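Contents: one structure, followed by commentary.
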2 protein chains.
Amino acid sequence: MTRAVKRTTHQGIREAIRARIISGEWKLGERIPGEVALAEEYGCSRTTVNRALQTLAQEGMVERKRKGGTRVRPLPTSQAQFRIPIMREQVESRGHRYSHRIESREVRVPPMAIRKQLELPDNDPAAYVESLHLADGKPFAFEKRWVNLGSVPAFSDADLSHESANEWLVRHVPFSRGEVRLSASAANAKQARLLGTDKGAPLFTMHRLTWFEERTITAIELSFAPGYEITFGV
Amino acid sequence: MTRAVKRTTHQGIREAIRARIISGEWKLGERIPGEVALAEEYGCSRTTVNRALQTLAQEGMVERKRKGGTRVRPLPTSQAQFRIPIMREQVESRGHRYSHRIESREVRVPPMAIRKQLELPDNDPAAYVESLHLADGKPFAFEKRWVNLGSVPAFSDADLSHESANEWLVRHVPFSRGEVRLSASAANAKQARLLGTDKGAPLFTMHRLTWFEERTITAIELSFAPGYEITFGV
DNA sequence: TTCAATATTATGTGCATACATAATCACAGA
DNA sequence: TCTGTGATTATGTATGCACATAATATTGAA
């Protein structure tokens, strides 16, 4: 898999500079040559070097300050990007057939912790949906979801027979930001039964909370069947 | 906190377009106007619109194809960025004192799975280190690490009394890329004992494999004490 | 009708240029 | 010595332009 990037493209220069940083040519925290110098060295315009360096800064590999110049980040904060998994995409990309099943659906006052997360006035009810995501008919993930009806009143009448709650919400309330928490938890009786495992089995769990503008939309707890992993490159 | 971004900067246009997507003006999967049209609408050059759209594409908000145009992502695959946690940073940023303890250290032939990951010739030994990361003296994470001595022979003589294996490696072998796997696993007897929990307790686990150029460097398994979470915004 | 060559189109990229802005430095004046 | 004002420097950003490239549409020949 040879990388055939030309030397004077912003990508090529970005990788060249990255390599020089990795090779240790410039030490951690050290200032690297200015844009003009690099442009001259690589025989390209400053614009191109600028773009390369900006990208590296975005990735967290270097820090830039006006006048201060560009320097290698003190600690290699290698940050990773990964996509929030979408159930259907995830299942289908592995060549399985996706389906989902609503286990229960009701409107009631959520427990304290959820009220707080959703910033819900006391005694205000919210929609609660429990559902199971399946791959080729086999349980894949169990989802507990609370939807803030103050923000999304239409959810009460949503038809969830053909699309999941997530898909419905995505189509009706584009969300602007969210918060994700990843953890491990022990399966309770219900989770064990639905996911076909034993009580106490370690489950990979994802909590998600999403907002649209300044309003909370939905709080989700997803427990994945044993063996599930998130993988990504750095 | 008013946003005082001018309307003809690439940032301003990026946010304007983002707002229009979020507001639902263009539906999911729908094609949005071309660069030329947008440039005309906003009274700026195509270059500027191009940059705004490229950023949005990088963020995963839109998909772009040559000739195909730019369209809103069918499902908002909001990608998240998170930093690979550095133990010391993580512990200290929470106001605790970081320390670590080597539990065992030896050189031996690793099990099959590790040999395969490290692309190690059969019967080649590797360095094996078990260590415990502590926050204020309390166990925080248990680390099992294999180091490819073919790539990093100097590791044999590394002094790990003052810095962790990871810190030593980072200073001596800047790594270029890595792969991360997140999962949940049940604590075995040793993990339970060292992390002060029960056998079978669900542990948040991170596997990491790093390369420098085309050589594998180290394979790590980190098991976090119960209650550990990774959190990040989207 | 079918398939391959060609034209069209929207985005991708590099460059020269001009000006903006932030940080720093040197020097003059109090 | 202290201070502020302007010069210098390095990065930030917008623009017009030319050309590259990929995907699609069209055309023409077999």
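As a basis for the values below, the full set of heavy atoms in this structure was taken, side chains included, without hydrogen atoms, waters or symmetry mates. Model, not experiment: these values are computed from the prediction. Every chain is numbered from 1, with letters handed out A, B, ... down the list of sequences.
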Can you check the [X] [atom1] to [N] [atom2] distance for me, whole Å?
X	N	atom1	atom2	value
A/Leu56	D/dT11	CG	P	13 Å
A/Leu53	D/dT11	CG	P	8 Å
A/Leu38	D/dA10	CG	C1'	12 Å
A/Arg31	D/dT11	CZ	P	7 Å
B/Glu40	C/dA10	CD	C1'	15 Å
A/Glu63	C/dA23	CD	P	14 Å
B/Ile13	D/dT13	CD1	C1'	12 Å
A/Arg64	C/dA22	CZ	P	16 Å

Mind checking what makes side-chain contact (heavy atoms from CB on, under 4.5 Å) contact with B/Arg66, not counting sequence neighbours?
none
Is the distance from OP1 or OP2 of [N] to the nearest side-chain N or O of [X] less than 4.0 Å?
X	N	result
B/Asn50	C/dG12	yes
A/Thr9	C/dG14	yes
A/Thr70	D/dA10	no

Flag the pair A/Leu195 / A/Leu203 as yes when at least one side-chain heavy-atom distance between them is below 4.5 Å, and no otherwise.
yes
Is it the case that B/Arg101 places NZ or CZ above or below the six-membered ring of B/Phe142, under 6.0 angstrom from the centre and within 45 degrees of the axis?
no
Quick one: label A/Thr48 by what it contacts on the DNA or RNA (base, sugar-phosphate, nothing), any heavy atom closer than 4.0 Å.
sugar-phosphate
Is any side-chain N or O of A/Arg46 under 3.5 Å from a base N or O of C/dG14, one able to act as donor and the other as acceptor?
no
Short side-chain donor-acceptor distance under 3.5 Å, A/Arg181 and B/Thr231:
no
Apply side-chain hydrogen bond (donor to acceptor under 3.5 Å, both in side chains) to B/Asn166 and B/Ser164, showing your working.
CA-CA 5 Å; B/Asn166 192 53; B/Ser164 71; 5.2 Å; no
Kindly state whether the ring of B/Phe140 and the ring of B/Tyr228 have centres lying under 6.0 angstrom apart.
yes
For A/Asp136 and A/Lys138, indicate whether the former's side chain and the latter's backbone hold a donor-acceptor pair under 3.5 Å.
no
Give the nucleotide from the list [options] with an atom nearest to the side chain of [X].
X	options	value
B/Glu35	C/dA16, D/dC17, C/dT11	C/dT11
A/Gln54	C/dA16, C/dG12, D/dG12	D/dG12
B/Cys44	D/dT13, D/dT15, C/dC15	D/dT15

List every contact pair, protein side and nucleotides 22-24 of chain D side both N or O, where the distance is under 3.5 Å.
| unit_1 | atom_1 | unit_2 | atom_2 | d |
| --- | --- | --- | --- | --- |
| D/dA23 | O4' | B/Arg66 | O | 3.4 |

